[in-house]
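To start, the structure under review is shown below, and the notes come after it.
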Amino acid sequence: MEAKAEARYIRTSPQKARLVIDLIRGVSANEARIVLRSTNKRLAPTILKVLDSAIAKCSNKSSDVDVTS
């Protein structure tokens, strides 16, 4: 299942955000959370928050989604 979440008004350049997002692109949600927790970039906690929001949105849409913490 696919869910979309976005963060607005983040004061950083798109290039810096893309560096962190490229680390998690195409991987599972659990693995992406692990990667973001261990990434030493200032934007990683913000992207983790957006990822958690997308996971919550997806689980509210459908009850058969299983993403463990």
Given side chains that start at C-beta, do those of [X] and [Y] come closer than 4.5 Å, heavy atoms only?
X   : Y   : result
I24 : L36 : yes
C58 : K61 : no
R37 : L48 : yes

Could you see if [X] belongs to whatever hydrophobic cluster contains [Y]? Use Ile, Leu, Val, Met, Phe, Trp, Tyr and a side-chain cutoff under 4.5 Å.
X   : Y   : answer
V27 : V35 : yes
L51 : L19 : no
I34 : L43 : no

> At their closest point, which heavy atom of A7 faces which heavy atom of V50, and how far apart are they?
Replying inline: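 Closest approach of A7 to V50: CB-CG2, 3.5 Å.
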>> Going by side chain to side chain donor-acceptor pair (under 3.5 Å), name the pairs with one or both residues in residues 38-55, residues two or more places apart or in two chains.
In response: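 For residues 38-55: R33-D52.
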> Would you say K57's side chain and A5's backbone share a donor-acceptor pair under 3.5 angstrom?
Replying inline: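 Between the backbone of A5 and the side chain of K57 there is no qualifying donor-acceptor contact (under 3.5 Å).
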> Once you round to the nearest 0.5 Å, how far does CG of L23 lie from CD of E31?
Replying inline: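 Separation between the atoms: 11.0 Å.
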